[in-house]
Peer 1: 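Supplied in C-alpha coordinates, the structure appears directly below.
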Amino acid sequence: TEAEWERAAAGPMGSAYPWGEEFDATRCRAEGAGPVPAGSLVESAGFFDLLHASGNAREWCLDRFDPRWYLRGARKNPRGPARNMHRIVRGGSFASPPETHRLQHRDHVDATKRFPDIGFRVARSWDEIATYDGD
(Lines give C-alpha, C1' and ligand atoms only; values in the text may rest on other atoms or scores of the structure.)
Protein backbone atom coordinates (compact mmCIF):
# COMPACT_ATOMS: atom_id res chain seq x y z
CA THR A 1 0.00 0.00 0.00
CA GLU A 2 1.00 3.64 -0.23
CA ALA A 3 1.43 3.92 3.54
CA GLU A 4 3.58 0.78 3.65
CA TRP A 5 5.71 2.10 0.78
CA GLU A 6 6.31 5.39 2.60
CA ARG A 7 7.18 3.67 5.87
CA ALA A 8 9.68 1.36 4.12
CA ALA A 9 11.21 4.25 2.16
CA ALA A 10 11.28 6.97 4.83
CA GLY A 11 11.92 4.82 7.90
CA PRO A 12 10.45 5.31 11.36
CA MET A 13 11.47 8.97 11.53
CA GLY A 14 9.82 9.84 8.19
CA SER A 15 12.89 11.33 6.52
CA ALA A 16 12.43 13.43 3.39
CA TYR A 17 14.82 11.27 1.35
CA PRO A 18 16.21 7.80 2.05
CA TRP A 19 19.59 9.32 2.94
CA GLY A 20 18.36 12.30 5.00
CA GLU A 21 16.62 15.65 4.80
CA GLU A 22 18.33 17.32 1.84
CA PHE A 23 18.07 16.40 -1.85
CA ASP A 24 21.38 15.10 -3.26
CA ALA A 25 21.42 14.40 -7.01
CA THR A 26 24.49 12.15 -6.61
CA ARG A 27 22.44 9.69 -4.51
CA CYS A 28 19.66 9.04 -7.02
CA ARG A 29 18.78 9.14 -10.68
CA ALA A 30 16.83 12.32 -11.45
CA GLU A 31 16.28 14.06 -14.78
CA GLY A 32 18.46 11.46 -16.50
CA ALA A 33 18.33 9.59 -19.78
CA GLY A 34 17.29 6.31 -18.18
CA PRO A 35 17.45 4.23 -15.02
CA VAL A 36 20.61 3.07 -13.28
CA PRO A 37 21.17 -0.69 -12.79
CA ALA A 38 19.25 -2.35 -9.95
CA GLY A 39 21.41 -2.66 -6.86
CA SER A 40 23.52 0.40 -7.65
CA LEU A 41 23.81 3.51 -5.48
CA VAL A 42 23.96 1.38 -2.32
CA GLU A 43 25.14 4.40 -0.30
CA SER A 44 21.69 5.88 -0.87
CA ALA A 45 19.78 3.08 0.89
CA GLY A 46 17.34 4.15 3.55
CA PHE A 47 16.73 2.99 7.11
CA PHE A 48 15.55 -0.48 6.00
CA ASP A 49 18.26 -0.78 3.29
CA LEU A 50 15.67 -0.18 0.57
CA LEU A 51 17.40 0.85 -2.66
CA HIS A 52 16.11 3.30 -5.29
CA ALA A 53 13.11 4.55 -3.31
CA SER A 54 13.97 8.02 -4.55
CA GLY A 55 14.90 8.08 -8.19
CA ASN A 56 15.30 5.44 -10.87
CA ALA A 57 11.62 4.42 -11.28
CA ARG A 58 8.36 5.56 -9.76
CA GLU A 59 6.50 2.66 -8.17
CA TRP A 60 2.90 1.55 -8.40
CA CYS A 61 1.10 1.22 -5.08
CA LEU A 62 -1.97 -0.88 -4.34
CA ASP A 63 -4.06 2.17 -3.47
CA ARG A 64 -6.45 3.86 -5.84
CA PHE A 65 -6.39 7.65 -5.84
CA ASP A 66 -8.74 10.06 -4.11
CA PRO A 67 -7.32 13.51 -3.29
CA ARG A 68 -9.29 13.66 -0.02
CA TRP A 69 -8.91 10.04 1.11
CA TYR A 70 -6.61 10.91 4.00
CA LEU A 71 -9.39 13.10 5.41
CA ARG A 72 -12.09 10.44 5.30
CA GLY A 73 -10.31 7.07 5.07
CA ALA A 74 -8.94 4.90 7.86
CA ARG A 75 -6.39 6.55 10.14
CA LYS A 76 -3.99 3.62 9.92
CA ASN A 77 -2.88 2.49 6.45
CA PRO A 78 -5.75 4.05 4.45
CA ARG A 79 -6.07 2.05 1.23
CA GLY A 80 -7.98 4.45 -0.98
CA PRO A 81 -11.41 4.12 -2.56
CA ALA A 82 -12.69 0.87 -4.07
CA ARG A 83 -13.15 2.40 -7.54
CA ASN A 84 -10.95 4.74 -9.52
CA MET A 85 -8.86 4.21 -12.65
CA HIS A 86 -6.02 6.23 -11.15
CA ARG A 87 -3.58 4.49 -8.82
CA ILE A 88 -0.95 5.98 -6.56
CA VAL A 89 2.68 6.04 -7.69
CA ARG A 90 5.45 6.98 -5.29
CA GLY A 91 9.13 7.88 -5.57
CA GLY A 92 10.62 10.08 -8.25
CA SER A 93 12.06 8.52 -11.39
CA PHE A 94 14.98 9.05 -13.73
CA ALA A 95 12.66 11.34 -15.73
CA SER A 96 11.29 13.29 -12.76
CA PRO A 97 12.32 16.72 -11.48
CA PRO A 98 14.02 16.82 -8.04
CA GLU A 99 10.94 18.06 -6.16
CA THR A 100 9.14 14.76 -6.89
CA HIS A 101 11.89 12.72 -5.23
CA ARG A 102 10.82 13.72 -1.73
CA LEU A 103 9.45 10.51 -0.19
CA GLN A 104 6.23 12.19 0.94
CA HIS A 105 5.41 13.32 -2.61
CA ARG A 106 2.22 11.69 -3.93
CA ASP A 107 1.33 11.23 -7.56
CA HIS A 108 -1.34 9.29 -9.42
CA VAL A 109 -1.73 8.03 -12.96
CA ASP A 110 -4.26 6.13 -15.02
CA ALA A 111 -3.63 2.45 -14.25
CA THR A 112 -4.66 1.40 -17.75
CA LYS A 113 -1.70 3.28 -19.30
CA ARG A 114 1.98 2.37 -19.60
CA PHE A 115 4.82 4.66 -18.62
CA PRO A 116 8.54 4.03 -19.19
CA ASP A 117 9.48 5.37 -15.75
CA ILE A 118 6.96 3.45 -13.60
CA GLY A 119 7.58 -0.02 -12.27
CA PHE A 120 6.70 -2.00 -9.18
CA ARG A 121 8.47 -3.51 -6.23
CA VAL A 122 7.74 -7.05 -5.13
CA ALA A 123 6.99 -7.11 -1.42
CA ARG A 124 5.79 -9.55 1.22
CA SER A 125 3.67 -8.74 4.21
CA TRP A 126 5.45 -8.63 7.55
CA ASP A 127 3.22 -11.44 8.84
CA GLU A 128 4.47 -13.70 6.02
CA ILE A 129 8.11 -12.87 6.75
CA ALA A 130 7.78 -13.27 10.52
CA THR A 131 6.22 -16.73 10.22
CA TYR A 132 8.40 -18.02 7.35
CA ASP A 133 9.85 -21.40 8.29
CA GLY A 134 12.20 -21.87 5.33
CA ASP A 135 10.04 -24.19 3.21
Side-chain angles (χ1 to χ4, degrees):
T1 67
E2 178 182 15
E4 291 168 328
W5 184 95
E6 188 171 328
R7 170 66 177 204
M13 302 303 290
S15 63
Y17 303 94
W19 54 82
E21 298 304 316
E22 300 296 324
F23 180 75
D24 181 348
T26 66
R27 292 180 168 255
C28 66
R29 180 65 153 207
E31 298 182 307
V36 296
S40 62
L41 300 172
V42 295
E43 68 281 359
S44 302
F47 184 84
F48 296 109
D49 292 330
L50 188 69
L51 294 175
H52 308 297
S54 181
N56 225 30
R58 296 183 290 166
E59 297 177 11
W60 291 108
C61 292
L62 176 66
D63 310 69
R64 296 178 190 272
F65 177 71
D66 179 333
R68 295 176 302 278
W69 193 255
Y70 280 112
L71 298 175
R72 59 179 185 238
R75 292 187 50 81
K76 184 177 180 183
N77 198 10
R79 296 188 179 217
R83 293 187 178 99
N84 190 333
M85 292 306 292
H86 281 229
R87 293 226 183 222
I88 300 293
V89 291
R90 297 293 294 264
S93 78
F94 64 85
S96 302
E99 59 270 14
T100 66
H101 287 256
R102 185 174 179 85
L103 297 174
Q104 292 74 23
H105 179 80
R106 302 178 75 219
D107 201 359
H108 61 94
V109 295
D110 184 336
T112 65
K113 308 287 187 216
R114 292 183 183 192
F115 300 87
D117 68 327
I118 299 178
F120 63 92
R121 188 177 298 263
V122 177
R124 295 178 77 178
S125 74
W126 178 253
D127 294 335
E128 290 175 27
I129 295 168
T131 60
Y132 179 71
D133 64 3
D135 292 332

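Note that these values count all heavy atoms, side chains included, but never hydrogens, waters or copies made by symmetry.
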Peer 1: Would you mind listing every side chain to side chain donor-acceptor pair (under 3.5 Å) that reaches into residues 48-62, with sequence neighbours excluded?
Peer 2: W5-E59, S54-H101, R58-D107, R58-D117, E59-R121
Peer 1: Keeping R27 on the side-chain end and L41 on the backbone end, is there a donor-acceptor pair under 3.5 Å?
Peer 2: no
Peer 1: Over all heavy atoms of both residues, which pair between Y17 and F23 is shortest? Give the atoms and the distance, please.
Peer 2: CE1-N, 3.4 Å
Peer 1: Taking the hydrophobic residues Ile, Leu, Val, Met, Phe, Trp and Tyr, and joining any pair whose side-chain heavy atoms are under 4.5 Å apart, which ones share a cluster with F94?
Peer 2: none
Peer 1: If you measure from CZ on R64 to CZ on R83, what distance do you get to the nearest 0.5 Å?
Peer 2: 9.5 Å
Peer 1: Give the minimum heavy-atom separation between A45 and L51, together with the two atoms involved.
Peer 2: CB-CD2, 3.7 Å
Peer 1: At what distance, to the nearest 0.5 angstrom, does CD of E2 lie from NE2 of H108?
Peer 2: 11.0 Å
Peer 1: So, taking the atom named CG in D63 and the one named CD in E4, what distance separates them when rounded to the nearest 0.5 Å?
Peer 2: 8.5 Å
Peer 1: Kindly indicate whether the side chain of S93, heavy atoms from C-beta on, has any atom under 4.5 Å from the side chain of I118.
Peer 2: no
Peer 1: If Ile, Leu, Val, Met, Phe, Trp and Tyr residues are connected whenever their side-chain heavy atoms lie under 4.5 Å apart, and connections chain through other members, are V89 and F115 in the same group?
Peer 2: yes
Peer 1: For F48, look at atom CZ and say whether over 12 heavy atoms of other residues, nucleotides or ligands are found less than 6.0 Å away.
Peer 2: yes
Peer 1: Enter the distance from R29:CZ to S44:OG here, rounded to the nearest 0.5 Å.
Peer 2: 12.5 Å
Peer 1: Please give me the minimum heavy-atom distance between T100 and S96, naming the atom from each residue.
Peer 2: OG1-CB, 2.9 Å
Peer 1: State whether the side chain of R106 and the backbone N or O of I88 hold a donor-acceptor pair below 3.5 Å, judged by distance alone.
Peer 2: no
Peer 1: How far apart are the closest heavy atoms of P12 and F47, and which atoms are they?
Peer 2: CD-CD2, 3.3 Å
Peer 1: Quick one: does any side-chain atom of Q104 pair with a main-chain N or O of S15 as donor and acceptor, under 3.5 Å?
Peer 2: yes
Peer 1: To the nearest 0.5 Å, what is the distance between CZ on R102 and CD on E21?
Peer 2: 6.5 Å
Peer 1: Which distance, rounded to the nearest 0.5 Å, do you find between the CZ of R87 and the CG of L62?
Peer 2: 6.0 Å
